[in-house]
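Notes for the one structure printed next.
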There are 2 protein chains.
Amino acid sequence: MGFESFTFKKLGVRINSNESSIYRYFENKHKLLLYLASWYWGWMEYKMVFATNGISDPIQKLDRAIEILTQSVEEDNAFSHINEVILNRIIVNEYSKSYLVKEVSQENKEGYFIIYKRLVCRLSEMIADVDASYPYSKSLASSVLEGSLHQYFLQEHFPVLTNCNTTVTPTKFFKDLISRTLNLDVNG
Amino acid sequence: MGFESFTFKKLGVRINSNESSIYRYFENKHKLLLYLASWYWGWMEYKMVFATNGISDPIQKLDRAIEILTQSVEEDNAFSHINEVILNRIIVNEYSKSYLVKEVSQENKEGYFIIYKRLVCRLSEMIADVDASYPYSKSLASSVLEGSLHQYFLQEHFPVLTNCNTTVTPTKFFKDLISRTLNLDVNG
DNA sequence: CTAAAATAATAGTATTACTATCATTATTCA
DNA sequence: TGAATAATGATAGTAATACTATTATTTTAG
């Protein structure tokens, strides 16, 4: 229903629970979004670290990381009690709202974004491992993560603003972008 | 004060007007945001078209366009009754919220995003004019526009996630990115 | 089986996001 | 200038939101 019209009262009805009970777990819906986002990025980080763990070649390592971080979340592999497909949809549509608030600096100080920041930094390090002379590894890393969500959103709602579709995936676009930017030829 | 705590009542007090009067101009604050965003992107489009008009070399033309679209809005050149510096701050912090809503497809149909879409398409065409074989001109164009706002936001609130600062500008990052991606050497 | 913990039910408050009505003030143009 | 028209202001009202507080009931744990 979108973050704006979502309320704890509605959630209570949906899960057969009570508004006041939910308030004992989350101060407000913004904090719930922060929680879901951290869960999501923690899960992405886990997948990325796991998938790139054994790879020694930095180029292949980065390539695999981009793949994990930008691919669509299709299959529900019953990883946990959380439905990752639905969560991914929520992140694509709502994640920006978790930090585009006037309290962002305070909440950042309080640690609400550490997992996301750690993930961006890991990616930026992988970029630096491929090309230490590239001076924008952090900006490139944050662009890939944010941009990936954005391309999926455009694919759904503004197809005229993206080349991505079911065959040309955001993964393809970003792999190509990284490959051109760091002067690799992993993708031919 | 941020979009969330902004209300027409507060605006009325601030501009010595009346809540009910403001409602005669804008259905709600979301529509006001859509209006401000369209004004902003229309202004950017104007600046871009004006600055690139006489340039025949596609590489220089694209370079200039990126410059206009990604540079910080510092000087208030009294272009109109609108303070562009403040508007730019609003766009950086709030623009995403104008389309990350469940009504986005309907509002897109009703034309609320035409100016922004036209701008992205113009940029994407400039990219195609430089390298017609590059297959992601639209995704690259949308990434630059969205990414530019994002890098400014990071610079302010998450400096650890960007290489941009007062000397290394988002313009530098994006010019370099475009230059590498399309294999130019405009920037050395 | 009892104590503690968690949850539910209910009530209540301040604020938001409007709509409606009518009075007042500006503006236009004949 | 002055009458019609348009814009604005003041006020009231409503349903919903985003909570807090209190007390009753149920669940769970040892």
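Model, not experiment: these values are computed from the prediction. Letters A, B, ... mirror the listed sequences (proteins, then strands); counts begin at 1.
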Open item on the list: Ring-plane angle category for Phe158(B) and Phe153(B), please: parallel below 30°, perpendicular beyond 60°, tilted otherwise.
Closed with: tilted

Open item on the list: Can you see if the side chain of Lys10(A) gets near the phosphate of dT17(D) - specifically, an N or O under 4.0 Å from OP1 or OP2?
Closed with: yes

Task: Electrostatic pair Glu94(A)-Lys97(A), nearest N-O below 4.0 angstrom - done: yes

Task: Nucleotide dT17(D), atom P - distance to CZ of Phe3(A) in whole Å - done: 14 Å

Task: Interatomic distance where CG belongs to Leu32(B) and P belongs to dA17(C) [whole Å] - done: 13 Å

Open item on the list: Taking the six-membered ring for Trp, are Tyr112(B) and Tyr35(B) closer than 6.0 Å centroid to centroid?
Closed with: no

Task: Ion pair Lys175(A)/Asp63(A), N-O distance below 4.0 Å - done: yes

Task: Sugar-phosphate only, base, or nothing, as touched by Tyr23(B) at under 4.0 Å among non-hydrogen atoms - done: base

Task: Presence of Tyr25(B) side-chain N/O under 4.0 Å of dT8(D) phosphate oxygens OP1/OP2 - done: yes

TODO: Determine, for Lys172(B) against Asp176(B), whether the closest basic-nitrogen to carboxylate-oxygen distance falls under 4.0 angstrom.
DONE: no

Open item on the list: Could you tell me how far apart Leu11(A) (CG) and dC19(D) (C1') are, to the nearest whole angstrom?
Closed with: 15 Å

TODO: Starting at atom NZ of Lys9(A), determine the distance to atom P of dA11(C), rounded to an integer number of angstrom.
DONE: 12 Å

- [ ] Ignoring backbone atoms, establish whether Asn18(B) has a side-chain N or O less than 4.0 Å from OP1 or OP2 of dT8(D).
- [x] no

Task: Of the listed nucleotides dA17(C), dA10(D), dA21(D), the one nearest the side chain of Ser20(B) - done: dA10(D)

Task: Atom pair distance, as rounded to whole Å: CD1 in Ile15(B) and C1' in dG9(D) - done: 13 Å

Task: Atom pair distance, as rounded to whole Å: CD1 in Ile22(B) and P in dA7(D) - done: 16 Å

TODO: Hey, which sits more toward the 5' end of DNA chain D by its nearest nucleotide, Glu4(A) or Glu19(B)?
DONE: Glu19(B)

TODO: Tell me whether the OP1 or OP2 atom of dG9(D) has a side-chain N or O from Ser21(B) closer than 4.0 Å.
DONE: yes

- [ ] Please tell me which of Arg24(B) and Glu27(B) maps to the more 5' nucleotide of DNA chain C, matching each residue to the nucleotide holding its nearest heavy atom.
- [x] Glu27(B)

Task: Residue mapping more 5' on DNA chain D - nearest nucleotide basis, Asn16(B) or Lys29(A) - done: Asn16(B)

